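Have a look at the structure below, then the notes.
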Amino acid sequence: MIRLTNTLTRQLEDFQTQGDTVTMYVCGVTPYDSSHIGHAMSYVVFDVVKRYLTWRGCAVKHVQNFTDIDDRIIERANRLGTTTDELVEKYINMYFDDMRDLNVQPADVYPYATQEVPEMIEIIQRLIEKGFAYETKSTLSEWSDVYYRVSAKKDYGKLSHRTQESLMAGARVESGEEKENPADFALWKGAKAGEPSWDSPWGKGRPGWHIECSAMSLKYLGERIDIHGGGEDLIFPHHENEIAQTEAYTDAVPFVRYWLHNAWVKMGEEKMSKSLGNFITIRDGLNKVGGDGLRLWVLTSHYRKPLSFSETTLEAAKNGADRLRTAARALSEAGDGGIDLGHHRERFAAAMDDDLNTPQALAVLFDLGKEINRARDEGKGVATAQALLIELGGVLGLRLEEAGGSIEAAPFIELLIQIRTELRAAKQFQLADRIREGLAGLAITLEDGPQGTTWKQD
RNA sequence: GGCGACGUAGCCAAGUGGUAAGGCAGGGGUCUGCAAAACCCCCAUCACCGGUUCGAAUCCGGUCGUCGCCUCCA
């Protein structure tokens, strides 16, 4: 039985699906800049959720949005003298490149906020009709804003576990906004001069941030979904507001069965974030330690605990990934090496069942790797055990079967290895070493073993 | 101020009542043409104080410290 911590109840709950297919909605990025390794953490975590559920026999339908219109995008496009469309396209492409190299499986649908505006308008209209929203004149725009009326629903605050009173005390009101209540939030923003806008019953404007996820999850996954995920910092206000809107609109409660949130990446003692400027991009991380290295770094810590970033922890993860890869790839005859494979498989599943305890699951992989190495040193065939290591590593999204990096050069490397093997057999060690050193200069490491020579790319 | 999380070896990090997983780094060996890898061995009593218990890192109370959300944020 898989158990997950549900943010809504703050409890570890048994995971049960409502239908044949698990429906999962994950909040995507706002593509106005490169993604940093904090984003990598989130998408790796939910990729592992999906891979694990799939491994356990569930079909999963995964939807992830792109917020392709918002203040930051407009501001940045203006500053760079480009259009919001061009800016967004550039960073979405970059995002897909990052995810590909991180071995994150693509979502089934990637809706864009700007392409779902009619659906959002329909929801907003209905919310107004039902008394959950109201139109007001903004002093910043010639058109109207529409706000969600927080006081209209008594369970507002249930996800973040806050009372309406405490929220009203802390709420901020931008100048020019004409809200009934400081805690009310925008469903629709009247267009200011020069902003991209869409026609609506309230004039020209654009959707508020939260409404897109309500519209998209409804459209692509239905009124009740199994899993909704995202970073911890989205709990309030984003997900709180999503619940309010969606449940007010559909009356189907709960809108989401399991709310899952990952903690943040910390730089030293602080949270890594765009606004603090203390981030490193996914691309930088990939260049330093590769896809498996970066994934392993994320998964060595539990997803609900802050993840420590430093050059040292990143390097440690890379070295750990190399260790697993060595065990998985060493040449060997068929056989289980006398290792109890079922036991390792069960331990792995037990760790993952327990709220996705990836640190423990990884410990199982390292144990298995050690047993493989030991058995192989004793001359036993371990290919079957290696297949299990690769399979379980694959559940975590690791690509242990691959040499790492680009494999276009593989045939040439294999040829050099063959020549070097002949040179060594002829005791031409100087020439053999020149080949090894030359490859080392190209970031290719050769390792000689009883069964032959293997290589890996750093 | 409200809500929440955390404090485990040099570093990262599991473990939530029965005498501390795993990884990285480090030290010592074995193996190897050399190297790398691998293998073997070594390396903590869990922030502090008090309590409950036969027994606590794990439960309760308190102290100190750190961080997050409450405003855009994965």
Side-chain angles (χ1 to χ4, degrees), chain A residues 7 10 26-30 32 35-46 67 70-72 75 157 160-163 165-167 169-172 174 183 209 229-238 240 261-266 268-276 279 296-297 299-302 304-324 326-327 330 347 351 354 357-367 369-370 372-378 424 427-430 432-433 436-437 440 445-450 453-456:
Chain A
T7 306
R10 292 179 173 169
V26 178
C27 282
V29 293
T30 301
Y32 73 104
S35 298
H36 59 66
I37 56 177
H39 301 105
M41 176 187 187
S42 194
Y43 298 113
V44 164
V45 164
F46 288 102
T67 302
D70 94 323
D71 291 340
R72 290 166 296 169
E75 182 192 329
S160 53
H161 301 95
R162 291 159 204 220
T163 62
E165 300 73 59
S166 70
L167 288 168
R172 189 177 72 171
E174 301 280 356
W209 174 33
E232 196 178 69
D233 41 14
L234 296 179
I235 295 172
F236 189 89
H238 185 54
E240 192 71 70
H261 293 96
N262 62 277
W264 68 101
V265 171
K266 58 176 186 179
E269 292 300 325
E270 283 185 318
K271 180 184 170 190
M272 175 180 289
S273 76
K274 288 282 178 62
S275 41
L276 290 173
F279 61 92
L296 200 84
W297 169 72
L299 299 173
T300 48
S301 166
H302 186 89
R304 286 188 300 100
K305 298 271 184 67
L307 174 61
S308 302
F309 171 83
S310 68
E311 295 293 336
T312 311
T313 59
L314 210 54
E315 189 63 25
K318 178 194 184 299
N319 292 342
D322 285 347
R323 178 177 176 74
L324 291 177
T326 299
R347 279 177 64 209
D354 182 20
N357 193 329
T358 55
Q360 268 186 354
L362 280 170
V364 174
L365 297 195
F366 281 108
D367 286 346
K370 174 161 288 191
I372 286 172
N373 289 331
R374 188 183 299 149
R376 200 172 55 86
D377 279 0
E378 291 168 0
R424 289 178 66 214
K427 304 221 182 287
Q428 301 274 358
F429 294 122
Q430 279 197 329
D433 287 351
R436 186 171 65 197
E437 284 153 22
T445 303
L446 299 190
E447 293 174 358
D448 299 326
T453 300
T454 55
W455 64 277
K456 67 182 180 188

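Note that the structure is predicted; figures quoted are calculated from it, not measured. Numbers restart at 1 for each chain; the letters A, B, ... are given by sequence-line order, proteins then strands.
Note on A/F366: only backbone sugar-phosphate atoms sit closer than 4.0 angstrom, heavy atoms only; bases stay farther off. Contact annotation for A/K271: base contact, defined as any heavy-atom pair under 4.0 Å involving a base atom. Within 4.0 Å (heavy atoms only), A/V265 reaches at least one base atom of the nucleic acid. At a threshold of 4.0 angstrom between heavy atoms, the contacts of A/K305 are confined to the sugar-phosphate backbone, with no base atom among them. Within the nucleic acid shown, A/H302 comes within 4.0 Å of sugar-phosphate atoms alone, with no base atom in reach, counting heavy atoms only. The residue A/N262 sits close to a base: some heavy atom pair falls under 4.0 Å. Among the protein residues, A/I235 comes within range of no part of the nucleic acid, since none of its heavy atoms lies under 4.0 Å from any strand. Within the 4.0 angstrom heavy-atom criterion, only backbone atoms of the sugar-phosphate kind lie near A/N319; the bases stay farther away. Contacts of A/D448 with the nucleic acid, taken as non-hydrogen atoms under 4.0 Å apart, include base atoms. Nucleic acid contact class of A/D322 (heavy atoms, under 4.0 Å, all strands): none. As judged by a 4.0 angstrom heavy-atom cut-off over every strand, A/R10 is placed among residues touching the sugar-phosphate backbone only. Contact annotation for A/S301: backbone-only contact, meaning every heavy-atom pair under 4.0 Å involves sugar-phosphate atoms and none involves a base. Residue-level contact check: A/G230 touches the backbone only, with heavy atoms under 4.0 Å from sugar-phosphate atoms and none from bases.
Mapping A/D233 and A/P306 onto RNA chain B by nearest heavy atom places A/P306 at the nucleotide closer to the 5' end.
Distances shown here put a side-chain N or O of A/K370 below 4.0 Å from the OP1 or OP2 atom of B/C40. For B/C39, the OP1/OP2 oxygens have a side-chain nitrogen or oxygen of A/N373 closer than 4.0 Å. Proximity of A/R323 to the phosphate of B/A37: no side-chain N or O atom is located under 4.0 Å from OP1 or OP2. Between A/S308 and the phosphate of B/A13, there is a side-chain N or O to OP1/OP2 separation shorter than 4.0 Å.
The partner of B/C31 is absent, by the rule that a Watson-Crick or G-U pair needs both atom distances under 3.5 Å. Across every strand in view, B/U16 sits unpaired, with no contact that passes the Watson-Crick or G-U test at under 3.5 angstrom. Applying the Watson-Crick and G-U wobble criteria (two distances, each under 3.5 Å), B/G26 pairs with B/C42. Across all strands shown, B/C3 forms a Watson-Crick or G-U wobble pair, both distances under 3.5 Å, with B/G68. When Watson-Crick and G-U wobble pairs are counted only if both distances are under 3.5 Å, B/C59 pairs with B/G51.
Distance, A/L314 CG to B/A25 P: 14 Å, rounded to whole Å.
Side-chain atoms of A/R424 and base atoms of B/G33 include a donor and an acceptor less than 3.5 Å apart. Interface remark: the A/R374 side chain does not form any donor-acceptor pair with the B/C40 base, using a distance-only criterion of under 3.5 Å.
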